2 protein chains.
Amino acid sequence: MDVFDALADPLRRELLTQLSCGPARVVDLADAHPVSRPAISRHLRVLSEAGLVEADELGRERHYRLRTEPLAEVRSFVTGLMRQPRLPEHTLDALATEVRRTTRDRRRAAAAEDTA
Amino acid sequence: MDVFDALADPLRRELLTQLSCGPARVVDLADAHPVSRPAISRHLRVLSEAGLVEADELGRERHYRLRTEPLAEVRSFVTGLMRQPRLPEHTLDALATEVRRTTRDRRRAAAAEDTA
DNA sequence: CAGATTGGTAACCATTCGGTTACGTTTCCT
DNA sequence: AGGAAACGTAACCGAATGGTTACCAATCTG
């Protein structure tokens with residue numbers, strides 16, 4: 001499962017937050033949320049497939065713990081988006097008027113490309 | 001729509017990446033992807049509801065541009081998760097001890113892996 | 001050993017999602 | 001004026017999602 005997909009569900013995000021305080025058993029995680037234990041189990045499976053969580057098997061218990069490595073992808077994606085549009089204030093205004101001014105040019109260029 | 005939800009779809013992420021290079025029209029965005037234009041329109045609606053995108057109406061065209069403010073929430077959530085597991089060493093040791101105490105024989109494979 | 005605890009999986013169901021086609025509206029261009 | 005272009009929306013559909021109950025295996029514990 002994809003990391004972004006794994007983070008999309010609010011309950012899964014809560015589970016991660018909870019696990020960020022330390023490892024926890026499935027029952028403990030389930031007790032903290034208003035859903036059944038099997039539901040928690042499946043969410044943990046999704047998180048596990050995304051690499052966001054790993055389990056230590058201790059007897060009949062499984063201690064899940066957070067794994068932060070996959071978050072790097074999210075982080076880099078977000079920072080990538082946030083860095084680009086950092087243009088000076090007037091640039092956007094200029095761009096808007098530029099767009100309006102060159103609409104016809106663009107149109108002509110598109111037509112030319114079409115014939116090509 | 002939720003920001004995390006908006007980022008969950010790979011096509012939407014591509015749209016955002018594309019918009020990070022500057023505003024674009026719907027047709028331009030659609031031409032760059034193997035889905036129909038109405039599909040793009042709906043994705044843009046989702047992104048818009050998440051605040052990740054805004055449109056300037058220029059005649060019959062709509063120029064969508066990236067909006068990075070909502071990404072702050074994602075960023076803070078991720079950094080929050082990445083910062084937490086930096087627990088003092090002895091905390092993990094204590095946990096390992098606890099584990100050893102409540103189970104029969106358990107090596108510190110987990111502890112070793114943690115330090116690794 | 002008997003029973004309780006932990007936790008995964010299967011089967012089922014309602015809802016959501018993402019894609020498509022069809023259609024309507026507004027704006028531009030000849 | 002009339003056709004083309006840009007774009008949103010509605011209707012429809014198959015696939016995926018998330019929740020529940022029921023069930024099973026494995027592990028403590030009295």
Side-chain angles (χ1 to χ4, degrees), chain A residues 1-15 19 23-50 53-65 99-115, chain B residues 1-15 19 23-50 53-65 98-106:
Chain A
M1 174 77 79
D2 185 52
V3 188
F4 292 92
D5 243 311
L7 293 183
D9 188 277
L11 179 49
R12 283 197 287 267
R13 290 199 297 276
E14 284 186 29
L15 289 177
L19 287 177
R25 303 178 303 157
V26 180
V27 272
D28 298 332
L29 295 168
D31 286 349
H33 302 280
V35 295
S36 66
R37 186 190 51 71
I40 298 286
S41 245
R42 279 213 319 210
H43 280 301
L44 287 171
R45 197 162 110 84
V46 171
L47 291 171
S48 173
E49 288 175 3
V53 135
E54 204 159 336
D56 298 316
E57 311 204 1
L58 305 174
R60 65 180 159 180
E61 304 181 353
R62 307 191 85 204
H63 287 50
Y64 281 89
R65 59 180 152 63
V99 155
R100 205 163 316 155
R101 188 159 54 78
T102 60
T103 299
R104 281 207 303 173
D105 299 341
R106 175 198 309 260
R107 173 123 292 307
R108 203 187 317 148
E113 187 180 332
D114 196 28
T115 61
Chain B
M1 174 76 80
D2 183 54
V3 188
F4 293 92
D5 244 311
L7 293 183
D9 188 277
L11 178 50
R12 284 198 285 268
R13 290 199 296 277
E14 284 186 30
L15 288 177
L19 287 177
R25 304 178 302 160
V26 180
V27 274
D28 297 331
L29 295 169
D31 286 348
H33 302 281
V35 295
S36 66
R37 187 191 50 70
I40 298 286
S41 247
R42 280 213 318 208
H43 281 301
L44 287 171
R45 196 163 111 83
V46 171
L47 291 172
S48 173
E49 287 175 4
V53 134
E54 206 159 335
D56 299 316
E57 311 204 2
L58 304 175
R60 63 178 160 179
E61 303 181 353
R62 306 191 87 205
H63 292 244
Y64 281 90
R65 63 177 197 284
E98 171 74 13
V99 156
R100 212 170 301 126
R101 187 149 50 82
T102 57
T103 63
R104 307 230 291 141
D105 88 354
R106 201 63 192 174

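A quick note: this is a predicted structure, and the numbers were derived from the prediction, not measured.
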| field | Sequence-distant partners of B:Arg45, salt bridge (Lys or Arg N to Asp or Glu O under 4.0 Å), two or more places apart | value | B:Glu49
| Nearest-angstrom distance from the residue atom CE of B:Met1 to C1' of C:dG18 | 11 Å
| Rounded distance (Å) that lies between atom P of C:dT5 and atom NE2 of A:His63 | 17 Å
| query | Looking at residues at least two apart in the chain, or sitting in another chain, which of them share a side chain to side chain donor-acceptor pair (under 3.5 Å) with B:Arg12? | reply | B:His43
| query | Under 4.0 Å between a side-chain N/O of A:Tyr64 and OP1 or OP2 of C:dG8, yes or no? | reply | yes
| query | Under the salt bridge (Lys or Arg N to Asp or Glu O under 4.0 Å) test, which residues partner B:Asp31, sequence neighbours left out? | reply | none
Please enumerate all protein N or O atoms sitting under 3.5 Å from an N or O of nucleotides 9-12 of chain C, with distances to 0.1 Å.
none

| task | Quickly work out the B:Leu58 CG to D:dA5 C1' distance and round it to whole Å. | result | 15 Å
| remark: note: A:His33, atom NE2; D:dG18, atom C1'; distance rounded to Å ~ 15 Å
| field | Phosphate OP1/OP2 of D:dA5: any B:Arg25 side-chain N/O under 4.0 Å | value | no
| query | Side chain of A:Val27: nearest nucleotide among D:dG19, D:dC7, C:dG7? | reply | C:dG7
| note | Separation of D:dT17 atom P from A:Leu47 atom CG, nearest Å, is 14 Å
| message | Suppose we screen for salt bridge (Lys or Arg N to Asp or Glu O under 4.0 Å). Which residues come up paired with A:Arg13, at least two apart in sequence or across chains? | response | B:Asp2
| query | Of the candidate nucleotides C:dG19, C:dT20, D:dC7, which contains the atom at the shortest distance from the side chain of B:Arg62? | reply | D:dC7
| request: Please report, rounded to the nearest Å, how far the C1' atom of C:dG8 is from the CD atom of A:Glu61. | output: 15 Å
| remark: For B:Glu14, the salt bridge (Lys or Arg N to Asp or Glu O under 4.0 Å) test, sequence neighbours excluded, returns none
| query | Rounded to the Å, how far apart are A:Asp5 CG and D:dT17 C1'? | reply | 10 Å
| field | Nearest-Å distance for atom pair CG/P, residues B:Leu44 and D:dC7 | value | 10 Å
| note | Comparing nearest nucleotides in DNA chain D, the 5'-proximal residue of the pair A:Arg60, A:His43 is A:His43
| said: Can you tell me how far apart CD1 (B:Ile40) and CG (B:Asp28) are? Round to the nearest 0.5 Å. | reply: 11.0 Å
| query | Would you say B:Ser36 reaches C:dT20's phosphate, i.e. side-chain N/O to OP1/OP2 under 4.0 Å? | reply | yes
| query | So which heavy atom on B:Leu44 is nearest to which on B:Tyr64, and how close? | reply | CD1-CE1, 3.5 Å
